[in-house]
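Here the structure comes first, spelled out in structure tokens, and everything after it is commentary.
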Amino acid sequence: MRQDAVRHEVATLAEPRAKAAGLYIEDIQVADAGRKSRVRVVVDLPDGPGGVDADQIADFSRELSAALDENDVVPGSYTLEVSTPGLSRPLTTARHYRRNEGHDVEIQTGSDRVIGTVLGATHDTLSLDVDGEQRDFPLATIASGRVHLKF
């Protein structure tokens, strides 16, 4: 079975289980890893601040692994990896910015680089506190965004 087909089958099994666990599927990758396949599922909370806890990941991983085995989705042996996106992931959707409400982000809009604290995001606008002033940015104008880490 081709990797795209396996990925689709994994998604079909993962999505309802993620929803039931209060999780959102951020990404699914299927790749060859030597004699095995590697199935990587990245999960996050659907919206708002806070993070996925280790128990949620463990429970979801067990349920998905059992479903993959029961339905014989991945040919041969495989390794299942379930994780969260982490701080280094690019911020590309309003949901990503809402998940980082209250945190500092760095965005690139054209030739401007802006660092500010996320106040909120709608489906088309990001609101940041930049040096004590609220500034709104159309999401369509943001070339890149990421969490800004202070050291």
Side-chain angles (χ1 to χ4, degrees), residues 1-34 36-109 113-129 136-150:
M1 188 181 300
R2 292 186 43 235
Q3 288 177 351
D4 288 343
V6 172
R7 183 189 176 287
H8 176 74
E9 292 298 317
V10 171
T12 299
L13 293 171
E15 287 172 2
R17 286 164 178 80
K19 186 174 182 178
L23 299 171
Y24 175 84
I25 301 289
E26 187 75 33
D27 189 29
I28 297 174
Q29 299 173 356
V30 177
D32 292 331
K36 292 183 173 186
S37 294
R38 183 182 67 231
V39 178
R40 181 177 291 156
V41 181
V42 179
V43 296
D44 203 356
L45 294 177
D47 218 347
V52 179
D53 68 42
D55 289 339
Q56 285 177 292
I57 290 175
D59 292 344
F60 172 73
S61 181
R62 276 191 297 275
E63 286 186 32
L64 180 57
S65 180
L68 293 174
D69 291 346
E70 180 180 314
N71 291 280
D72 199 25
V73 171
V74 184
S77 59
Y78 68 93
T79 300
L80 174 63
E81 299 174 5
V82 178
S83 64
T84 60
L87 290 175
S88 62
R89 74 141 168 227
L91 305 175
T92 59
T93 67
R95 186 182 67 77
H96 292 163
Y97 289 104
R98 283 192 299 270
R99 294 275 302 117
N100 285 286
E101 194 169 305
H103 292 96
D104 289 345
V105 297
E106 178 180 331
I107 62 170
Q108 185 75 37
T109 61
R113 182 179 76 101
V114 179
I115 297 172
T117 304
V118 177
L119 298 173
T122 65
H123 69 282
D124 62 354
T125 304
L126 170 64
S127 296
L128 296 179
D129 177 329
D136 295 329
F137 300 88
L139 288 176
T141 66
I142 299 173
S144 65
R146 63 180 179 85
V147 172
H148 180 74
L149 301 176
K150 297 178 189 175

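Because the structure is predicted, anything quoted here is derived from the model rather than measured.
Within the 4.5 Å cutoff, no side-chain heavy atoms of V30 are placed close to those of V74. The closest side-chain heavy-atom distance from N71 to E9 is not below 4.5 Å. A 4.5 Å side-chain heavy-atom check between Y78 and D69 finds at least one atom pair inside the cut-off.
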Verdict with reasoning, L45 to V52, per side chain to side chain contact (heavy atoms under 4.5 Å, CB included): CA-CA 6 Å; L45 294 177; V52 179; 3.8 Å; yes

Full working for side chain to side chain contact (heavy atoms under 4.5 Å, CB included) between L128 and V118: CA-CA 5 Å; L128 296 179; V118 177; 3.9 Å; yes

Stepwise salt bridge (charged side-chain N to carboxylate O under 4.0 Å, His left out) test for R7 and D4: CA-CA 5 Å; R7 183 189 176 287; D4 288 343; over 6 Å; no

Would you tabulate the side-chain donor-acceptor contacts of residues 138-147 under 3.5 Å, counting partners in other chains and residues two or more places apart, or write 'none'?
| residue | atom | partner | partner atom | Å |
| --- | --- | --- | --- | --- |
| T141 | OG1 | P138 | O | 2.7 |
| R146 | NH2 | E106 | OE1 | 2.9 |

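Taking each heavy atom of A21 and Q56 in turn, the nearest pair found is O-NE2, 3.6 Å. A11 and P16 get closest at one heavy-atom pair: O-CD, 4.4 Å. Nearest approach of R95 to P46, heavy atoms of both residues: CD-O, 2.7 Å. In terms of heavy-atom proximity, S37 sits nearest to D32 at OG-OD1, 4.2 Å. Nearest approach of P75 to V6, heavy atoms of both residues: CD-CG2, 4.0 Å. Residues V42 and P85 come closest through the heavy atom pair CG1-N, 3.5 Å.
In this structure, NZ on K36 lies 4.0 Å from OG1 on T79, to the nearest 0.5 angstrom. One distance of note links OH of Y97 with OG1 of T92; it measures 7.5 Å at 0.5 Å rounding. Taken to the nearest 0.5 Å, the CD1 atom of I28 stands 8.0 Å off from the CG atom of L64. Put simply, NE2 on H148 and OG1 on T117 are 10.0 Å apart, with the number rounded to the nearest 0.5 Å. Here CG of L23 is found 12.5 Å from CD of E15. Values are rounded to the nearest 0.5 Å. To the nearest 0.5 Å, atom CD of residue Q3 and atom CD of residue Q29 are 10.5 Å apart.
Side-chain atoms of T12 come within 3.5 Å of backbone N or O of H8 as a donor-acceptor pair.
A salt bridge links D44 with R89; the closest basic N to acidic carboxylate O contact falls under 4.0 Å.
Residues D136 and S127 have side chains that bring a donor and an acceptor to within less than 3.5 angstrom of each other.
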